[in-house]
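Single-structure report; data block below.
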Amino acid sequence: MGIYFFAFDQISSDYSDQISSTDERRNKIQALIKKHHSSENQILELSDLQDLTTYLNTAINGNVAVVNQIELISSGKVQQLHLTKVTREHLHDSMIEIEQIKNQVNLSSDIIDRISNTYNNILNNRTNTTMKVLTVYTIILSIPTIVSGFYGMNMKLPVADKGWSWVFSLIITIVIILIILWDLHRRNSL
């Protein structure tokens, strides 16, 4: 029976090493995000870490179930396995260690999920800012087209038959653009 507990201890150690490695990778990604050096690779890396913690969590839950089953069998409720006092203590220690590792994986998984959500929020915020700027440019660039479109029609418009009418259309365009910029600034949309 001692060999089984040795195997549990070794597996627990391996899980602990894997969790430490995952935390190191997560910390590197988090540092890059804080420095605004974001890329598609970080998104993929976060996705890989989420997958890894899911697999670790599933495997550790399986180990918890096995240790709980051994404890149930050895506790006297089912008299199929007789353990010495030392072996029972080792079983109890293994159970505590596996529970601690399970808690570590859950914590690591939660942190990775939160970092992923934060990263998504940052990317969404950048996209919203870009769309806002593009919308302002679109509004401003559409005004000269509208004004020149009116003066390009074959209609009777004020001062259209004068030699300086192009200056008048520029003034109208600039005034409308300034009014729109002022209104956007007033609404804190710039």
Side-chain angles (χ1 to χ4, degrees), residues 14-62 100-190:
D14 290 345
Y15 283 139
S16 186
D17 292 344
Q18 188 65 44
I19 293 167
S20 297
S21 172
T22 302
D23 288 343
E24 287 175 18
R25 288 171 56 192
R26 183 200 71 227
N27 288 334
K28 286 179 186 176
I29 294 170
Q30 195 171 7
L32 288 172
I33 290 172
K34 285 182 181 178
K35 292 180 183 179
H36 304 291
H37 297 291
S38 57
S39 70
E40 188 176 310
N41 291 337
Q42 291 169 351
I43 295 170
L44 296 174
E45 183 81 17
L46 280 172
S47 176
D48 289 344
L49 290 177
Q50 285 175 323
D51 290 346
L52 179 63
T53 55
T54 300
Y55 294 138
L56 285 172
N57 204 1
T58 302
I60 290 170
N61 284 335
Q100 288 173 343
I101 290 172
K102 180 180 175 185
N103 291 338
Q104 279 182 306
V105 168
N106 287 337
L107 177 64
S108 184
S109 180
D110 287 345
I111 291 171
I112 289 170
D113 287 342
R114 288 180 187 194
I115 291 170
S116 181
N117 289 338
T118 300
Y119 191 65
N120 286 334
N121 289 339
I122 290 169
L123 292 178
N124 288 337
N125 192 22
R126 287 181 188 167
T127 302
N128 290 341
T129 302
T130 301
M131 292 306 296
K132 184 174 154 182
V133 169
L134 290 175
T135 301
V136 169
Y137 281 143
T138 302
I139 290 170
I140 295 205
L141 292 174
S142 67
I143 294 170
T145 305
I146 294 169
V147 172
S148 65
F150 277 115
Y151 276 90
M153 294 180 182
N154 292 330
M155 297 172 50
K156 183 82 173 147
L157 293 171
V159 298
D161 56 348
K162 308 290 184 208
W164 50 269
S165 63
W166 66 274
V167 175
F168 183 71
S169 68
L170 287 177
I171 291 171
I172 290 173
T173 302
I174 291 170
V175 168
I176 293 173
I177 289 173
L178 290 175
I179 289 171
I180 289 176
L181 286 174
W182 171 80
D183 186 53
L184 290 172
H185 181 69
R186 182 180 64 87
R187 296 174 191 243
N188 292 323
S189 295
L190 284 179

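- Partners of Ser116 under the side chain to side chain contact (heavy atoms under 4.5 Å, CB included) rule, at least two apart in sequence or in another chain, are Leu46, Gln50, Asn120.
- Checked against side chain to side chain contact (heavy atoms under 4.5 Å, CB included), Asn41 has the following partners two or more places apart in sequence or in another chain: Ser39.
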(Q) Between Ile29 and Leu49, does the side chain to side chain contact (heavy atoms under 4.5 Å, CB included) criterion hold? Intermediate values first, please. (A) CA-CA 11 Å; Ile29 294 170; Leu49 290 177; 3.9 Å; yes
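- Without hydrogens or angle criteria, Ser108 side chain to Gln104 main chain gives no donor-acceptor distance under 3.5 Å.
- In this structure, the separation between OG1 on Thr53 and CG on Asp48 is 10.5 Å, given to the nearest 0.5 Å.
- Taking each heavy atom of Val147 and Ser169 in turn, the nearest pair found is CG1-O, 3.6 Å.
- Atom-to-atom distance recorded for Leu52:CG and Arg26:CZ is 12.0 Å, nearest 0.5 angstrom.
- Proximity of a side-chain donor or acceptor of Asn61 to a complementary backbone N or O of Asn57 within less than 3.5 Å is detected.
- Taking CG from Asn117 and CG from Asn124, the interatomic distance works out to 10.5 Å, rounded to the nearest 0.5 Å.
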(Q) Working note: Ile122 + Arg126, criterion side chain to side chain contact (heavy atoms under 4.5 Å, CB included); need CA distance, chi angles, decisive distance, verdict. (A) CA-CA 6 Å; Ile122 290 169; Arg126 287 181 188 167; 3.8 Å; yes
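- Under the rule for a salt bridge (charged side-chain N to carboxylate O under 4.0 Å, His left out), the partners of Asp183 that lie at least two apart in sequence or sit in another chain are Arg186, Arg187.
- Rounded to the nearest 0.5 angstrom, Thr118 OG1 and Gln30 CD are separated by 8.0 Å.
- Within the 4.5 Å cutoff, the side chain of Lys102 has heavy atoms near those of the Asn106 side chain.
- Note that CG of Leu184 and NZ of Lys132 are 9.5 Å apart. Values are rounded to the nearest 0.5 Å.
- Note: Ile33 CD1 to Gln42 CD = 5.5 Å, rounded to the nearest 0.5 Å.
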Please output the side-chain donor-acceptor pairs of residues 136-144 that fall under 3.5 Å, not counting sequence neighbours, one pair per line with the distance.
unit_1: Thr138; atom_1: OG1; unit_2: Leu134; atom_2: O; d: 2.7
unit_1: Ser142; atom_1: OG; unit_2: Thr138; atom_2: O; d: 3.3
unit_1: Ser142; atom_1: OG; unit_2: Ile139; atom_2: O; d: 2.8

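- Legend: residues meeting side chain to side chain contact (heavy atoms under 4.5 Å, CB included) with Asp110, ordered by chain and number and at least two apart, are absent.
- Side chains of Thr22 and Ile112 form a contact here, defined as non-hydrogen atoms less than 4.5 Å apart.
- Side chains of Ile43 and Tyr119 form a contact here, defined as non-hydrogen atoms less than 4.5 Å apart.
- Remark: Ile174 pairs with Leu178 by the side chain to side chain contact (heavy atoms under 4.5 Å, CB included) rule, at least two apart or across chains.
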